[in-house]
Engineer: 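Could you have a look at this structure, given as structure tokens, before my questions?
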Amino acid sequence: MKNDDVMNIAKKRGFLWSSFEIYSGVAGFYDYGPLGGTLKNNIMQKWREYYVVGEGYYEIESPTIMPEEALKASGHVDHFTDPLTECKDCLNVFRADHIINDATGKDVEGLPNDELSQILSEEKLMCPHCSGHLTHVWSYNLMFQTIIGSKGKKTGYLRPETAQGIFIPFKRLLRFNRGKLPFGVVQLGKAYRNEISPRQGVIRLREFTQAEAEIFTDPRDKTHPRFADVSDDILNLYSQECQEQGKEPVKLTAQESLDKGVIASEMLTYQLCLALRFLKDLGIPDNVIRLRQHLTSEMAHYAIDCWDVEVETDKYDWIEIIGIADRTDFDLKSHNQYSKEDLRVFIEYPEPKQVKMLQVKPNMSKFGPQFKGDAPKIIEALKDMDASQVKESIDANGEYSLEVNGKTHLLTRDFMDFQEVEETIRGEKIFPHVIEPSFGIDRIIYSVLLHCYQEDDDRTILKLPANIAPVEVNILPLVNKDALNSVAREIHDNLRKNGIIAEYDTSGTIGRRYARSDEIGIPFAVTVDHDTLEDDTVTIRNRDNSKQVRIPIKDVYKTLKCLINLEIKFEELI
RNA sequence: GCGGCUGUAGUCUAGUCUGGUUAGGACUUGGGCCUUCCAAGCCUACGACCCGGGUUCAAAUCCCGGCAGCCGCACCA
């Protein structure tokens with residue numbers, strides 16, 4: 001299996017291995033080795049080129065440990081859990097809500113545990129496996145809990161996603177962007193989920209790296225200024241409709257998928273295109289990628305539309321490596337409510353609106369004596385009412401009844417005056433909607449390794465794009481002789497001095513060294529041979545087809561730099 | 001989290017059932033010889049019984065516990 005070959009090389013040659021090996025390891029944790037660490041950095045740097053440089057979304061960094069309040073507001077404390085129940089006889093563990101749903105057809109998602117337990121006993125539900133008795137329902141929260149401070153009074157959690165770190169300082173980020181929508185903010189970093197039983201290698205980790213962008217948009221304007229740049233990009237769409245009707249994914253251009261309403265908005269479509277371009281740059285071919293729309297049932301209740309970018313693998317089938325969702329205003333609204341901070345954005349109208357409206361003016365000298373301490377509250381409540389309705393009621397009945405804190409107060413005509421005022425309204429405050437591209441870096445690295453891995457005849461090649469390969473060039477003396485070695489060494493040192501990651505290898509025959517070099521995806525090799533000593537030329541060998549071209553030593557740096565940056569193709573040198 | 005199977009150098013493996021010499025081999029890797037372009041050959045070196053406990057004169061081998069991997073079940077905002 002390709003997976004096994006790739007993971008073998010990854011382990012053997014220093015890309016990836018499971019952590020804590022000398023202590024038997026812990027499931028769900030992986031180390032990046034010397035090459036893996038560099039590859040990961042290169043990929044993250046490329047991501048930044050897209051989102052920070054290309055889109056102008058600035059990068060922030062927030063703590064990986066978060067206080068309970070913040071995750072309470074985001075919903076993770078209460079809802080990032082699975083309600084589990086265990087069979088007392090066969091000890092199997094089940095999702096309690098799934099058992100109830102399967103047996104009764106009731107949708108009980110989100111009900112508290114004691115209600116679920118009650119339903120289990122009321123409906124006399126038994127273990128679906130052995131018909132044994134089921135225990136009371138308990139929540140398994142997937143967050144790692146910790147303690148903040150020496151007294152241990154404050155509960156903290158390792159963040160389950162980087163996104164919350166962007167929502168929380170929203171006011172500052174909005175101010176940084178001078179109050180205007182749309183704007184985006186990104187964060188790359190670790191996130192943590194205490195998975196029950198992670199057994200899918202690097203696909204399901206307990207500690208993993210995300211790269212997320214939160215794009216704050218006006219809910220009424222989800223366009224993108226550069227949509228025209230991507231409108232002809234081809235998308236392989238596995239829509240809700242395709243999935244429900246058992247059809248194959250459909251290929252449409254970005255423009256078509258927007259026009260046909262397959263994808264909810266222009267911004268979302270643009271983000272999907274951007275993600276695909278990124279993956280293409282990493283060497284993942286189109287034909288192993290599809291965009292799968294979340295089914296209504298699996299989408300978060302607050303989301304408008306959500307698409308997973310999936311990659312085909314031989315071992316795990318189609319895996320989600322990127323999720324792009326329209327999260328609407330859920331997160332900001334929720335943090336607004338819990339923190340009591342106004343997280344809305346003021347949107348100015350193109351033209352100020354002149355609005356004529358009726359205003360109530362309470363007669364203070366009546367209110368005070370009559371209502372004493374309740375007076376301020378009543379006045380506050382009265383001002384919130386629609387003045388024209390109040391006036392109507394008084395004109396018709398001579399009084400208006402107002403309920404404040406459970407007490408009903410009757411207000412008559414002499415408690416207030418009405419005034420026609422003209423007000424200028426310059427805009428309104430709204431919660432922006434959030435479009436969120438969320439990248440699983442570890443899964444992307446796995447996909448890159450998997451799909452760059454090739455066996456040509458008996459050669460193993462990792463065809464990493466030259467601009468993300470961890471080692472950029474290998475310097476090889478044809479045979480292990482002092483005269484050749486010293487020239488090779490000098491070229492190696494010179495390239496390093498100029499910022500190119502070069503390796504130097506004299507061990508074994510030239511063929512063996514090319515093979516080792518190909519296996520870790522070094523895109524180019526410089527070979528120093530006997531002609532070099534005569535005419536100061538060397539050959540540059542192209543990893544992907546073993547072709548060589550001879551160039552003067554003085555041009556080596558310049559040529560390699562262009563090759564690595566993909567400014568010229570190797571074929572153009574021949 | 002449950003059940004089954006498995007765990008010997010970097011990798012693949014012999015040995016385990018039936019306890020007993022220095023745990024054997026191949027590939028890989030390091031050093032050397034040879035070598036004028038794609039894993040050749042020769043010499044040489046390094047390198048292992050998953051961890052802990054028990055039984056025994058003696059444990060890679062038998063027993064118990066743990067950890068990890070694979071498979072199945074369950075789970076996967």
Side-chain angles (χ1 to χ4, degrees), chain A residues 4-5 7-9 11-14 17-29 71 74-87 89-99 109-110 127-130 138-143 160-161 163-164 191 193-201 203-206 294 298-303 306 315 319-320 323 325 327 438 456-461 476-481 483-484 505-519 525 527-534 538-539 541 543 545-548 550:
Chain A
D4 300 353
D5 297 335
M7 289 312 283
N8 262 336
I9 288 177
K11 204 192 289 185
K12 182 170 77 174
R13 305 302 306 276
W17 54 70
S18 63
S19 302
F20 318 118
E21 272 182 326
I22 65 166
Y23 298 108
S24 296
V26 181
F29 295 94
L71 291 161
S74 69
H76 286 92
V77 170
D78 295 322
H79 302 300
F80 197 57
T81 60
D82 295 331
L84 299 184
T85 180
E86 189 179 34
C87 171
D89 295 335
C90 69
L91 300 177
N92 271 306
V93 175
F94 305 95
R95 281 278 296 257
D97 53 342
H98 286 187
I99 287 186
E109 209 185 312
C127 170
H129 261 233
C130 71
W138 43 282
S139 287
Y140 177 80
N141 193 298
L142 285 102
M143 290 192 294
E161 59 176 12
Q164 296 306 323
R193 297 175 190 186
N194 199 2
E195 302 288 350
I196 296 174
S197 179
R199 275 196 301 194
Q200 298 170 78
I203 300 305
R204 187 158 225 88
L205 292 173
R206 288 186 163 126
H294 276 206
E298 69 183 307
M299 203 154 47
H301 62 91
Y302 49 80
C306 181
K315 178 155 189 190
I319 56 166
E320 173 200 349
R327 294 173 75 127
S438 173
D456 291 2
D457 302 324
D458 53 352
R459 287 209 307 148
T460 295
I461 315 178
L476 311 170
L478 185 61
V479 291
N480 194 5
K481 291 273 186 262
L484 299 182
D505 188 357
T506 61
S507 170
T509 62
I510 188 69
R512 178 177 291 274
R513 283 175 282 157
Y514 286 145
R516 271 199 298 255
S517 187
D518 292 342
E519 196 177 70
T527 310
V528 175
D529 59 18
H530 291 83
D531 289 353
T532 306
L533 302 178
E534 306 295 320
V538 292
T539 64
R541 171 186 178 272
R543 171 197 67 199
N545 55 17
S546 306
K547 283 190 180 147
Q548 285 175 296
R550 185 167 283 275

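Values reported hereafter were calculated over all heavy atoms of this structure, with side chains retained and with hydrogens, waters and symmetry mates removed. Throughout, a chain's letter reflects where its sequence line sits, starting with A, and its residues are numbered from 1. In this text, all values refer to a predicted model and were calculated from it rather than measured experimentally.
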Engineer: How close or far is atom P of B:rA68 from atom CD of A:Gln200, stated in whole angstroms?
Structural biologist: 16 Å
Engineer: Using purine N1 to pyrimidine N3 plus N6-O4 or O6-N4 for Watson-Crick, or N1-O2 and O6-N3 for G-U wobble, both under 3.5 Å, which nucleotide pairs with B:rA14?
Structural biologist: none
Engineer: A:Leu484 has an atom CG; how far is it from atom C1' of B:rU35, in whole Å?
Structural biologist: 12 Å
Engineer: Apply side-chain hydrogen bond (donor to acceptor under 3.5 Å, both in side chains) to A:Asn8 and list each qualifying residue two or more places apart in sequence or on a separate chain.
Structural biologist: none
Engineer: Only counting residues at least two apart or in another chain, list the ones meeting side-chain contact (heavy atoms from CB on, under 4.5 Å) with A:Ser18.
Structural biologist: A:Glu21, A:Tyr30
Engineer: Could you grab the distance from atom CD1 of A:Ile510 to atom OG1 of A:Thr527, nearest 0.5 Å is fine?
Structural biologist: 5.0 Å
Engineer: Find which nucleotide of RNA chain B each of A:Val479 and A:His76 is nearest to by heavy atoms, and output the residue with the more 5' nucleotide.
Structural biologist: A:Val479
Engineer: Taking the six-membered ring of A:Tyr302 as reference, does the NZ or CZ atom of A:Arg327 fall below 6.0 Å from its centre and within a 45° cone about the axis?
Structural biologist: no
Engineer: To check you understand the geometry: which heavy-atom pair defines the closest contact between A:His76 and A:Pro160, and what is its length?
Structural biologist: CD2-CG, 3.5 Å
Engineer: In whole Å, I'd like the distance from the CZ atom of A:Arg459 to the P atom of B:rC38.
Structural biologist: 12 Å
Engineer: Quick one: look up who B:rG41 pairs with, Watson-Crick or G-U, both distances under 3.5 Å, and put none if it's unpaired.
Structural biologist: B:rC33
Engineer: To the nearest 0.5 Å, tell me how far A:Arg204 CZ sits from A:Arg206 CZ.
Structural biologist: 10.5 Å
Engineer: Does A:Arg199 get its side chain close enough to the base of B:rG72, under 3.5 Å, for a donor-acceptor pair?
Structural biologist: yes
Engineer: Hey, is the side chain of A:Tyr514 pairing donor to acceptor with the base of B:rC37 inside 3.5 Å?
Structural biologist: yes
Engineer: Distance check: side-chain N/O of A:Ser507 vs OP1/OP2 of B:rG31, anything under 4.0 Å?
Structural biologist: yes
Engineer: Send over the distance from A:Lys11 NZ to B:rG69 P, rounded to a whole Å.
Structural biologist: 10 Å
Engineer: Would the base of B:rC38 count as contacting A:Arg513 through its side chain, where contact means a donor and an acceptor less than 3.5 Å apart?
Structural biologist: no
Engineer: Starting the side chain at C-beta, find the nucleotide from B:rC71, B:rG69, B:rA39 nearest to A:Ala27.
Structural biologist: B:rG69
Engineer: What does A:Asn8 touch in the nucleic acid at a heavy-atom separation under 4.0 angstrom: a base, only the sugar-phosphate, or nothing?
Structural biologist: nothing
Engineer: I need the CG-P distance between A:Asp5 and B:rC12, as an integer number of Å.
Structural biologist: 12 Å
Engineer: Just name whichever nucleotide pairs with B:rC70, Watson-Crick or G-U, keeping both distances under 3.5 Å, else none.
Structural biologist: B:rG4
Engineer: Considering Watson-Crick and G-U wobble pairs with both distances under 3.5 Å, what does B:rG47 pair with?
Structural biologist: none
Engineer: I'd like to know if A:Gln548 reaches the base of B:rC37 with its side chain, counting only an N/O donor and acceptor under 3.5 Å.
Structural biologist: yes
Engineer: Base, sugar-phosphate or nothing for A:Ile510? Non-hydrogen atoms, less than 4.0 Å.
Structural biologist: sugar-phosphate
Engineer: Using a 4.0 Å heavy-atom cut-off, write out nucleotides 40-50 of chain B from 5' to 3' as B (base contacted by protein), S (sugar-phosphate only) or - (no contact).
Structural biologist: B---------B
Engineer: What integer distance in Å separates A:Glu519:CD from B:rC27:P?
Structural biologist: 17 Å
Engineer: Contact class for A:Arg516 vs. all strands (heavy atom < 4.0 Å): base, sugar-phosphate, or nothing?
Structural biologist: sugar-phosphate
Engineer: Base, sugar-phosphate, or nothing: which does A:Ala300 touch, judged by heavy atoms less than 4.0 Å apart?
Structural biologist: nothing
Engineer: Nearest 0.5 Å, what's the CD1-CD distance between A:Ile461 and A:Glu519?
Structural biologist: 11.0 Å
Engineer: Please give me the minimum heavy-atom distance between A:Arg550 and A:Thr539, naming the atom from each residue.
Structural biologist: NH2-CG2, 3.6 Å
Engineer: Which one is paired to B:rC62, where only Watson-Crick or G-U wobble pairs with both distances under 3.5 angstrom count?
Structural biologist: B:rG54
Engineer: Toward the 5' end of RNA chain B, which comes first, A:Glu195 or A:Val528, by nearest nucleotide?
Structural biologist: A:Val528
